[in-house]
Engineer: 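Structure incoming, see below.
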Amino acid sequence: MSFQVEGNLLLIIFVSYFGTKLHRPIMIGVGCVVMGLGCFLQSLPHFLMGRYEYESTVSVSGNLSSNSFLCMENGTQIFKPTKDPSECVKEVKSLMWVYVLVGNIIRGIGETPIMPLGISYIEDFAKFENSPLYIGLIKTGGIIGPLIGLSLASFCANVYVDTESVNTDDLTITPSDTRWVGAWWIGFLICAGVNVLTAIPFFFLPKTLPKEGLEDNAEIIKNDKEKQEDIKKKRDAITKDFLPFMKSLLCNPIYMLFILISVLQFNAFVSMVSFMPKYMEQHYGKSASEAIFLLGIYNFPPICIGYIVGGLFMKKFKITAVQAAHIGCWLSFTEYLLHFLCFFMICDSSSVAGLTTSYEGIHQNLHVKNFLANCNMDCNCPTKVWDPVCGNNGLSYTSACLAGCEISSGTGRKMVFQNCSCIQTPGNSSAVLGLCDKGKDCSMMLQYFLILSVFSSFIFSLSAIPGYMVLLRCVKPEEKSLGVGLHAFCTRVLAGIPAPIYFGALVDSTCLHWGTLKCGESGACRIYDSNSFRYIYLGIPAALRGSSYIPAFLILFILRKYRLPGENASSETMLVAKFTGKENEGKEMDQNAKVLNDELKTKL
């Protein structure tokens, strides 16, 4: 994600400003084609590199003649996570990551013109009261896309990465295992084709459109064309206007405070959305495929509905920028308060012997690891390998060997281990592959968490369109494209890039056990401390969002004097003019608007 943002940042401000001089729909179409190329490049490593080999003590082929992964008293540790040193050096020097890096950068470059030029294109030619609805529909489309993408990702995550070359019946891991890697490359290939197809309609759109609602009025069309020509002349003075436009935006208090709010909110949003599947995996015991599906099905439809309802509400009641600021702020604050209920939806960490509990099932200090006990002391088991099994006593073990299991039957995922000395149950003690389920109580907590996320997503998205209209209405018409681009630039530099990095580092600090790669180095985290993870996942975004309401309330304070009795489009014009340094021009625009309204009423 960070590399994609970097590619976007290379051009976004310049495209936002200079792009208004060119054919905006064609530029958007070209951007879609470039994004398709980037997606295709990102899928190439799968076809150029070898098969994925996951960390395991159990034979993937199902050959159990040696039983080297079981408890063997006075035996030798046959399993070794390392390979030949020369092969490890070769893998370290692999350049497959370059394809991902370049593909992400190209995707970011292709994404650059879409939002700033698209939003300004709509704002230039839409009626004043219809603009919020159209932007709401665009935002809704921007959510439907990720919803479809998450459904596709859920499907791909459930398919093994090397499904075309490996017999999946021989695998000893399931999609719920942290070692599982899904067929990530399928999604990139599909996205590449969809991006190219999406570009086609944009090449047939006109460069300019008649102002909506004025198509049949020749006099108004003439005035509108003169206005468009005047704006075009201003855009033509590239070197003359760019710095003044930047200065005007940077000196606009409403605009700058809105950027500060967006940066803080976007830090929280990126962190929560990026790590929500991981949170549901670790805290509620869901597989990656299930977590991605639940994220999409419970969060994105309410967001779509919220965007449309917000746009319709502003269109129906002709909400001004001042009213929109209050609606957006208080709705967002209401959703913020609901967020704290998530702290009470608790699930304990998985019970893993020697890691979160003792071999007797008693909870222990999470910072003390003791994988060896009297029951497996003589088994000569590897202690760094993560190949968990679930005992019939409800306790998980990091491997069948550490569970003291001496006999196995079956192959692949159906393998069963028996005569396990560490599993203290009446009769024959046995274990199966994978961690034990977290139980019904945890499943119920997940349902509460998802239901709350539905209401939170709806309320938050309901506030988004009024908030975004404040951004568009507090800048001059000729500065809108640059204003949208600069806003996107700031949020991505100060939130899109750093948020996943520092948030990921904080999440990793809660790791209880790291995996081991085939060359002996540390791999991905296999299990986290659920309580610490919860405090970081919910607490950091809460602190960031809480601080964002300081500039939000400051905006309301600045706008307080413009909350006039019977506020209408006239006061809206004066508000924009006040904060764009053209108050006199605003009065003139106000008078012209009244004259045009009178003419329309007379003719009707």
Side-chain angles (χ1 to χ4, degrees), residues 1 4 35 39 42-43 107 111 114-115 136-161 174-176 178 180-195 198 265-266 268-310 335 338-339 342 345 347 442-443 445-465 496 499-500 503-504 507 537-538 541:
M1 178 178 177
Q4 181 185 352
M35 287 178 65
C39 290
Q42 286 186 280
S43 68
R107 272 206 309 145
E111 180 191 340
I114 295 175
M115 285 305 291
L137 291 174
I138 286 181
K139 293 287 186 181
T140 301
I143 294 300
I144 293 176
L147 175 60
I148 297 173
L150 285 172
S151 301
L152 175 62
S154 177
F155 166 76
C156 294
N158 212 36
V159 178
Y160 189 64
V161 62
T174 64
S176 61
T178 55
W180 179 275
V181 176
W184 56 271
W185 51 275
I186 296 178
F188 281 112
L189 288 178
I190 294 175
C191 288
V194 170
N195 274 314
T198 303
Q265 292 270 0
F266 201 56
F269 176 77
V270 169
S271 301
M272 291 202 70
V273 172
S274 299
F275 289 88
M276 186 179 241
K278 177 66 69 177
Y279 181 71
M280 286 193 283
E281 284 181 62
Q282 293 292 328
H283 199 67
Y284 297 110
K286 292 297 177 181
S287 68
S289 176
E290 290 175 313
I292 293 171
F293 178 77
L294 292 173
L295 169 62
I297 206 69
Y298 277 90
N299 289 273
F300 286 90
I303 292 176
C304 293
I305 296 172
Y307 281 151
I308 295 175
V309 171
E335 187 276 327
L338 286 177
H339 172 77
C342 294
M345 297 164 191
C347 276
C442 197
S443 297
M445 285 295 177
L446 174 61
Q447 291 302 316
Y448 294 148
F449 176 79
L450 293 172
I451 291 171
L452 181 61
S453 70
V454 169
F455 290 101
S456 298
S457 298
F458 175 74
I459 297 173
F460 185 77
S461 62
L462 200 62
S463 69
I465 298 302
F503 201 80
V507 168
Y537 177 76
L538 300 176

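Note that these values count all heavy atoms, side chains included, but never hydrogens, waters or copies made by symmetry. Bear in mind the structure is a predicted one, so any value in this text is a computation, not a measurement.
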Engineer: Once ring-ring contact (aromatic ring centres under 6.0 Å, His included) is applied, do any residues pair with W185, and if so which ones, sequence neighbours excluded?
Structural biologist: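 W185 satisfies ring-ring contact (aromatic ring centres under 6.0 Å, His included) with H46, F47 once adjacent residues are dropped.
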Engineer: With sequence neighbours left out, write down each residue that passes ring-ring contact (aromatic ring centres under 6.0 Å, His included) with F275, or none if nothing qualifies.
Structural biologist: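 Scan of F275 (ring-ring contact (aromatic ring centres under 6.0 Å, His included), adjacent residues dropped) gives F503.
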Engineer: Output every pair passing side chain to side chain donor-acceptor pair (under 3.5 Å) with a member in residues 447-464, not counting sequence neighbours, ordered by first then second residue.
Structural biologist: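 Pairs touching residues 447-464 that pass the test: N299-S457.
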Engineer: Suppose we screen for side chain to side chain donor-acceptor pair (under 3.5 Å). Which residues come up paired with S43, at least two apart in sequence or across chains?
Structural biologist: none
Engineer: Looking at residues at least two apart in the chain, or sitting in another chain, which of them share a side chain to side chain contact (heavy atoms under 4.5 Å, CB included) with I297?
Structural biologist: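 Partners of I297 under the side chain to side chain contact (heavy atoms under 4.5 Å, CB included) test: F293.
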Engineer: Could you measure the distance from the CD1 atom of I292 to the CG atom of L152? Nearest 0.5 Å is fine.
Structural biologist: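 The CG atom of L152 is 10.0 Å from CD1 of I292, to the nearest 0.5 Å.
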Engineer: Side chains of residues 276-285: which donor-acceptor partners sit under 3.5 Å, not counting sequence neighbours?
Structural biologist:
from	atom 1	to	atom 2	distance (Å)
Q282	OE1	Y528	N	3.2
H283	NE2	C347	N	3.1
Y284	OH	M345	O	3.0

Engineer: The criterion is salt bridge (charged side-chain N to carboxylate O under 4.0 Å, His left out); which residues satisfy it with E335, sequence neighbours excluded?
Structural biologist: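 Partners of E335 under the salt bridge (charged side-chain N to carboxylate O under 4.0 Å, His left out) test: R545.
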Engineer: By side chain to side chain contact (heavy atoms under 4.5 Å, CB included), which residues pair with V273, not counting sequence neighbours?
Structural biologist: F269
Engineer: T174: what forms a side chain to side chain donor-acceptor pair (under 3.5 Å) with it, not counting sequence neighbours?
Structural biologist: S176
Engineer: For F300, enumerate each residue passing the side chain to side chain contact (heavy atoms under 4.5 Å, CB included) test, keeping only those at least two apart in sequence or located in another chain.
Structural biologist: I143, P146, L147, L150, L295
Engineer: Side chain to side chain donor-acceptor pair (under 3.5 Å) with S154: which residues, sequence neighbours excluded?
Structural biologist: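 For S154, the residues satisfying side chain to side chain donor-acceptor pair (under 3.5 Å) (neighbours in sequence not counted) are S289.
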Engineer: Within the 4.5 Å heavy-atom criterion, are M35 and T198 side-chain neighbours or not?
Structural biologist: no
Engineer: Going by the rule side chain to side chain contact (heavy atoms under 4.5 Å, CB included), which residues pair with A192 if we only count those two or more places apart in sequence or in a different chain?
Structural biologist: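 Side chain to side chain contact (heavy atoms under 4.5 Å, CB included) check on A192 returns C39, F40.
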